[in-house]
Engineer: 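Please find one structure pasted underneath; my questions will follow.
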Amino acid sequence: MTGRPPVIGLTGGIGSGKSAAADRFADRGAAVVDSDLIAHQLTAAGGAAIEPIRQAFGNEVITAEGALDRGIMRALAFEQPEARKRLEAILHPMIRAESERQCQTANAPYVMLVVPLLIESGVFRERCQRIVVVDCPESVQVERVKARSGLSDAQVRAIMDAQISRHDRLAAADDIIDNSGDLDALFAQVDRLHECYLRLQSA
Ligand code: ADP
């Protein structure tokens, strides 16, 4: 294979089924590049973002093991929006660079680039040849996230309110996966799209 494989952006609201869909694409042979996973690795012990974060915020936000203390950082970002901006200014360029590196070096017919805030982010959007949105009714999202995380109804709704609306997300989609049914229904749609994506040419 020469050059970089086509990149398809996969997004959806919290609990819509992005991970479930991405896992199925991976089973079929796609290379999955996951921006959340990259963020976790950058902020785990020994991660490349730890020293810049320590310099910006001090040792208080780093655990004894040397990882980002997510609880303390979350509280700080909640109290001081400016702290959140500083953290993002450190992390976002690193996430973009690492995801780009993984897209470039992927050894697969195409790449699924999983980004929860893909529609909101100009840079990620530019990189994608197509955008596939995983969609389900908001009430289903709430139930699935509550079952997964133990968060309350209000907490899940607050996270959803901070994301782009379902309407606007769907309007930006080239392809839509309807995940209002069971997992078999999800997998059947992923398998159909996989056949289409195999035929995509590199941009
Ligand atoms: P996201 O990555 O978009 O936040 P997940 O893929 O983690 O969403 O799905 C949220 C939760 O719902 C997970 O616990 C997942 O196993 C479950 N789930 C996803 N799709 C379905 C489905 N079609 N039927 C039942 N449970 C599902």
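Remember, it's 1-based here, ligands and their atoms both numbered in the order they're listed.
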Engineer: Which residues satisfy the side chain to side chain contact (heavy atoms under 4.5 Å, CB included) test with Arg28, sequence neighbours excluded?
Structural biologist: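 If we apply the side chain to side chain contact (heavy atoms under 4.5 Å, CB included) test to Arg28, skipping adjacent residues, the hits are Arg24, Asp191, His194.
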Engineer: Which ligand 1 atoms are under 4.0 Å away from a heavy-atom of Ala20?
Structural biologist: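 Checking each atom against Ala20, I get 6 (O).
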Engineer: Does the protein put any heavy atom within less than 4.0 Å of atom 22 (C) of ligand 1?
Structural biologist: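 Yes, because at least one protein heavy atom sits under 4.0 Å from atom 22 (C) of ligand 1.
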Engineer: Out of the candidates Val33, Val123, Val7, only one should pair with Ser99 under the side-chain contact (heavy atoms from CB on, under 4.5 Å) rule; please name it.
Structural biologist: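 Of the listed residues Val33, Val123, Val7, the side-chain contact (heavy atoms from CB on, under 4.5 Å) partner of Ser99 is Val33.
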Engineer: I need the full list of side-chain hydrogen bond (donor to acceptor under 3.5 Å, both in side chains) pairs touching residues 80-97, with sequence neighbours left out, sorted by first then second residue.
Structural biologist: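 As it turns out, the side-chain hydrogen bond (donor to acceptor under 3.5 Å, both in side chains) pairs with a partner in residues 80-97, which skip direct neighbours, are Glu82-Arg86.
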Engineer: What atoms of ligand 1 come closer than 4.0 angstrom to any heavy atom of Gly13?
Structural biologist: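 Selected atoms, number and element: 3 (O).
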Engineer: Do Gln55 and Glu51 get their side chains close enough for a donor-acceptor pair, meaning under 3.5 Å?
Structural biologist: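 Judged by distance alone, the side chains do not pair up.
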Engineer: Pick whichever of Gln141, Arg24, Lys146, Arg144 has a heavy atom sitting closest to atom 17 (C) of ligand 1.
Structural biologist: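 Considering heavy atoms of Gln141, Arg24, Lys146, Arg144, the nearest to atom 17 (C) of ligand 1 sits in Arg144.
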Engineer: What's the shortest distance from atom 7 (O) of ligand 1 to any protein heavy atom, and which residue and atom give it?
Structural biologist: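 Scanning the protein heavy atoms, the shortest distance from atom 7 (O) of ligand 1 goes to Arg148 NH1, 2.8 Å.
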Engineer: Could you walk me through whether Ile177 and Val133 pass side chain to side chain contact (heavy atoms under 4.5 Å, CB included), step by step?
Structural biologist: CA-CA 6 Å; Ile177 296 174; Val133 168; over 6 Å; no
Engineer: Just which atoms of ligand 1 are under 4.0 Å from any heavy atom in Lys18?
Structural biologist: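 Ligand 1 atoms under the 4.0 Å threshold to Lys18: 1 (P), 2 (O), 3 (O), 4 (O), 6 (O), 8 (O).
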Engineer: What's the shortest distance from atom 4 (O) of ligand 1 to any protein heavy atom, and which residue and atom give it?
Structural biologist: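 Going atom by atom, the protein heavy atom closest to atom 4 (O) of ligand 1 ends up being Gly15 N, 2.9 Å.
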Engineer: Go through ligand 1 atom by atom and flag the ones less than 4.0 Å from a non-hydrogen atom of Ser19.
Structural biologist: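 What qualifies from ligand 1 is 2 (O), 6 (O), 7 (O).
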Engineer: Tell me, which protein residue and heavy-atom name are nearest atom 8 (O) of ligand 1, and how many Å apart are they?
Structural biologist: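 Of every protein heavy atom, Gly17 N, 3.2 Å lies nearest to atom 8 (O) of ligand 1.
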Engineer: Can you name the closest pair of heavy atoms from Ala49 and Leu91 and give their distance?
Structural biologist: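 Here Ala49 and Leu91 meet closest at CB-CD2, 3.7 Å.
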Engineer: Going by heavy atoms, is Ser16 under 4.0 Å from ligand 1?
Structural biologist: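 Yes, that is the case, since the closest heavy atom of the residue is under 4.0 Å from the ligand.
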Engineer: Under a heavy-atom criterion of less than 4.0 Å, does Pro116 contact ligand 1?
Structural biologist: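 In this structure, Pro116 fails to qualify as a contact of ligand 1 - no heavy atom is under 4.0 Å.
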Engineer: State, with a plain yes or no, whether a side-chain heavy atom of Phe57 is found less than 4.5 Å away from one of Ile62.
Structural biologist: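 They are not in contact (no side-chain heavy atoms under 4.5 Å apart), so the answer is no.
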Engineer: Taking Glu100 first and then Arg4, would you say they form a salt bridge - that is, a charged N and a carboxylate O separated by under 4.0 Å?
Structural biologist: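 The answer is yes: the pair qualifies as a salt bridge.
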Engineer: Under 4.0 Å between a Lys/Arg side-chain N and an Asp/Glu carboxylate O for Arg157 and Glu138?
Structural biologist: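 Here Arg157 pairs with Glu138 in a salt bridge, since their nearest N and O are under 4.0 Å apart.
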Engineer: I want to confirm something. Looking only at heavy atoms, which of Ile14, Leu186, Asn179 is nearest to atom 20 (N) of ligand 1?
Structural biologist: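 Ranked by closest heavy atom to atom 20 (N) of ligand 1, first place is Asn179.
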Engineer: Number the atoms of ligand 1 from 1 as they appear, then name those within less than 4.0 Å of a heavy atom of Asp182, with their elements.
Structural biologist: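 The atoms of ligand 1 under 4.0 Å from a heavy atom of Asp182 are 23 (N).
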